[in-house]
Amino acid sequence: MAQGEYSKVRTRIAGHISDAPTNKRYLLDRVRLGVITLADGYPRSAQLIFQQAYDALRRRGINRDRTLGAIAINEDTKIWKGEPFEQALTMTYYAMALGSLRSWDNARAALQNALFFLRDLDRYASSKAKAPKDKALSDHGFVTSSSKFALGYLLCAIANQQLARSEEASDYYDRVLEIRPALGPLVKTLRRGKYNMVLVVSWGLAPKKSGAGPDGARLKWIPWFPSDVARLKVSVNHLPSRYFPQVLDVNRMSRHYSWDNFKEIRRVKSLLGTGLLYGGVATAASGWSNDSDKVFWAGTAAAATGLLLKMGAHVDERYVDLFPQRVYVVPLQLTQKTSTITLKIEGKPVTRLILPAVPPPPKGQAVLRCLRLIGAPFRSRRRSNSPPVWAVSGKVFYSNPYTQNPEKIKLPYILGGQDVSKPTEKTLADYQQAGNLNHFTLAQLRGLYRAEKITWTIEDQNGYDGRHILEGGKSLVAPVPASVGFVRLYAQHHLPYHRQSTGTQ
Amino acid sequence: MKKGIGNKAAAWALVFCGLSGCATAITQRPTTRMTAGDFSDMVAQMANDLLNSSALNRRRPNSPPWVIAVQKVTNLSSDVMTAGEQWSIMARIVDAVSIQRLDALKNIRFVLPAKQLATLRNSSATGEALPPSFGNQRAPTHVMTAVFRSLTRADSMHRTDVYVLFFKIINLRTGQEVWQGRFEYKRAATGQVWD
């Protein structure tokens with residue numbers, strides 16, 4: 001993850017994912033796969049994965065029949081559904097995948113569900129603590145949640161703005177300002193509406209869910225990437241840089257939006273288990289020394305029960321390890337034929353990333369791009385403090401469906417060239433115009449790929465984009481521009497293709 | 001003896017099953033999401049409303065032609081609808097009102113909207129881009145739109161969604177609404193929202 005090799009991570013997860021809805025990791029693995037697939041620049045695939053996760057999350061009480069087992073044995077007998085903040089982030093990621101496909105109406109629906117999860121937790125907590133109820137509704141009455149999830153409100157405002165629902169957008173922007181006044185300049189820029197691309201830039205890894213205290217019974221979120229207030233520096237086409245503040249700190253969110261309803265049960269099990277274990281051992285020892293079988297076995301049984309209780313008192317440590325630690329939101333207005341965008345987090349040179357050849361979005365609604373910056377928070381002997389060479393090359397070495405370089409459209413990569421476009425009539429015409437494959441038909445060109453078992457549509461890959469041929473995979477599906485996947489694939493040289501089939505030209 | 005052990009083993013298996021909650025599939029849990037059945041009911045009612053509307057009743061085979069461009073459903077509800085679902089609702093209504101019958105009896109035709117036409121023209125689904133002249137004679141006179149809205153009431157243990165689907169056919173020249181339909185249904189679910 002630290003080196004931006006997201007395709008390796010997602011291939012590993014995809015290889016072990018279960019299709020059975022009764023599998024305890026069904027939802028967890030889908031969320032992990034969706035997050036990393038979106039980060040790698042494949043929003044269509046990510047949207048299909050999140051669709052399944054969304055369907056599961058919308059179901060209530062899926063562990064209703066497993067509560068007794070969770071109490072008697074352990075919480076990890078339940079089907080994982082995540083903490084409320086993880087559920088809200090899953091919905092937010094789904095919304096980002098939909099925004100990447102310009103399906104803003106659906107993105108809005110997903111974000112509303114994200115806010116519902118947190119609003120319900122706030123109400124639940126306030127009902128327990130007898131705290132004041134929800135604050136007054138916003139100006140037009142659209143915002144009914146009182147959570148502090150600024151990213152959710154901000155993206156919801158953007159979605160409504162794209163749908164020309166100005167009053168609802170305004171209410172959400174007002175809510176962002178209410179909870180995070182420091183985001184004022186960002187909100188002002190967004191309100192003007194002069195953007196056609198929204199970069200949602202994330203970095204780091206979410207805090208680790210861990211058990212602490214006796215028998216690991218106390219839930220603790222341990223930050224893996226420390227929080228700070230570093231801004232994101234962005235420049236487009238070498239224009240003066242702009243700075244953007246963090247919109248979300250997941251370290252903080254995890255502390256506020258956890259639902260630890262098993263806290264008391266685990267504590268009681270740990271205490272009771274310890275008591276039974278020590279008491280049982282003492283009783284068994286007494287029975288042994290007094291030659292009393294009944295006392296001995298009663299003590300042994302009590303000790304065994306105590307041990308089982310202690311073993312089952314630990315926290316369920318399953319969590320979404322691939323969520324980021326922080327998120328920034330960057331609105332951009334791209335007007336040139338291609339743009340170069342440079343990003344870096346203040347004080348973290350390893351996060352520097354250059355996005356080359358970013359085309360302007362089509363006219364109409366804005367497009368969202370999810371960008372996951374690379375780099376670890378600490379320096380180690382194995383890890384350098386500089387970004388990988390490909391992350392800062394600023395060039396595109398391979399012609400692809402989004403970046404057509406006439407110098408590079410001469411021959412397909414599988415035949416020693418530098419073009420990785422899908423085999424179409426136009427692609428073949430380009431090769432033939434360069435004086436190559438003159439006697440080929442489209443069917444023959446496609447036959448070459450099929451002989452190598454290479455596919456070029458998401459449908460041929462059962463809805464999931466596998467590894468690209470430039471990285472030794474069998475997929476020609478290109479990641480979208482302005483993604484780490486696009487830069488990692490096309491902004492560095494790869495080894496020549498090694499053909500596996502025989503008997504083809 | 002063996003039978004006794006077998007009964008005991010079965011009893012413990014049942015207890016264990018009960019504890020671990022076997023066969024509790026996510027797909028069987030309650031949800032307020034829209035279902036295929038909801039779409040079917042909606043399509044049937046909307047098609048019926050349209051066929052029996054005064055706008056269509058007045059038309060004859062020699063009436064001025066109506067060429068109705070169909071838009072996909074705009075989703076303003078709190079449930080996500082896939083693009084396929086958004087298109088399929090409209091496609092099913094068009095199918096249900098019997099395109100052939102309307103063309104012959106009422107001089108009404110349904111056509112694709114311009115945006116989807118452009119997508120089809122450039123589509124590589126068939127391996128060939130369709131000719132630029134494809135669909136040039138559409139010349140729509142009306143547009144059929146649909147908007148999905150919902151009202152949600154939810155807390156940690158209950159959720160209720162009321163979905164309302166509004167349909168309209170609008171005359172593109174005058175902006176006049178020539179037909180509108182509405183379909184409403186309610187879904188409720190109980191259970192812990194975070195569990």
Side-chain angles (χ1 to χ4, degrees), chain A residues 20-22 26-27 47-48 51 54-56 58-73 77-79 81-84 87 94-95 98 101 103 105-110 112-113 116-117 119-121 123-124 127 163 165 259 261 422-426 442-443 446 456-457, chain B residues 15-35 72-86 115 118-119 122-129 147-159 161 187-195:
Chain A
T22 48
Y26 175 89
L27 179 53
Q47 180 247 326
L48 293 171
Q51 210 168 291
Y54 172 78
D55 194 52
R58 279 292 307 272
R59 292 179 190 277
R60 288 171 166 250
I62 61 171
N63 286 302
R64 174 183 297 162
D65 293 346
R66 293 172 183 244
T67 305
L68 189 57
I71 294 170
I73 305 170
T77 59
K78 291 165 117 181
I79 296 170
K81 210 180 173 196
E83 298 287 339
Q87 294 169 356
Y94 188 18
L98 292 163
L101 301 170
S103 180
D105 50 355
N106 284 315
R108 173 182 171 275
Q112 286 187 334
N113 280 284
F116 278 146
F117 280 121
R119 180 197 70 179
D120 290 344
L121 184 66
R123 283 188 179 164
Y124 176 81
S127 70
L163 295 169
R165 294 174 58 78
W259 182 61
N261 62 324
K422 291 188 286 191
T424 61
E425 284 287 358
K426 184 183 177 310
L442 181 60
R446 288 182 170 178
W456 54 88
T457 67
Chain B
V15 169
F16 181 74
C17 232
L19 286 177
S20 61
C22 55
T24 302
I26 287 177
T27 50
Q28 296 166 7
R29 288 297 125 201
T31 173
T32 58
R33 289 208 67 199
M34 298 176 277
T35 66
K72 71 172 182 176
V73 172
T74 299
N75 179 23
L76 296 180
S77 75
S78 59
D79 194 12
V80 175
M81 292 174 74
T82 64
E85 285 167 345
Q86 287 172 295
K115 200 173 171 184
T119 306
N122 296 321
S123 171
S124 61
T126 58
E128 297 273 347
V147 177
F148 227 128
R149 296 181 189 275
S150 68
L151 182 65
T152 304
R153 287 285 180 264
D155 60 32
S156 60
M157 283 302 294
H158 307 93
R159 177 167 175 157
D161 282 284
R187 288 287 171 270
T190 55
Q192 187 56 266
V193 63
W194 309 296
D195 196 18

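In the text below, chain A, chain B and the rest are named by the order of the sequence lines, each starting its count at 1. Quick caveat, the model's predicted, so the values are computed rather than measured.
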Which region of B:V147, side chain (C-beta onward) or backbone (N, CA, C, O), has a non-hydrogen atom less than 4.5 Å from a non-hydrogen atom of chain A, or is it both or neither?
neither

Below 4.5 Å from any heavy atom of chain A, which atoms of B:S77 appear? Answer side chain, backbone, both or neither.
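The backbone, not the side chain.
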
Could you measure the distance from the OG atom of A:S103 to the NZ atom of B:K72? Nearest 0.5 Å is fine.
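NZ of B:K72 is found 5.5 Å from OG of A:S103.
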
Spatial distance of atom CG (B:D79) from atom OH (A:Y54) [nearest 0.5 Å]:
3.5 Å

What one should report as the nearest heavy-atom pair of B:M81 and A:N106 is O-ND2, 2.6 Å

List the steps, then state whether side chain to side chain contact (heavy atoms under 4.5 Å, CB included) holds for A:R108 with B:N75.
CA-CA 9 Å; A:R108 173 182 171 275; B:N75 179 23; over 6 Å; no

State which residues pass salt bridge (charged side-chain N to carboxylate O under 4.0 Å, His left out) with B:R187; sequence neighbours excluded, sorted by chain then number.
B:D38

B:R149: partners by salt bridge (charged side-chain N to carboxylate O under 4.0 Å, His left out), with sequence neighbours left out:
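With neighbours one apart ignored, the set is empty.
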
Quick check on A:L101 against chain B: is it the side chain, the backbone, both or neither that has a heavy atom closer than 4.5 Å?
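Looking at A:L101, nothing touches chain B.
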
No-hydrogen, no-angle side-chain donor-acceptor test under 3.5 Å, B:T32 and A:R58
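There is such a pair (donor and acceptor under 3.5 Å, judged by atom type) between the side chains of B:T32 and A:R58.
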
Has A:R60 got a side-chain atom pairing as donor or acceptor with B:T31's backbone, closer than 3.5 angstrom?
no

Is there a donor-acceptor pair closer than 3.5 Å between any side-chain N or O of A:D105 and the backbone N or O of B:T74?
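It does not hold such a pair.
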
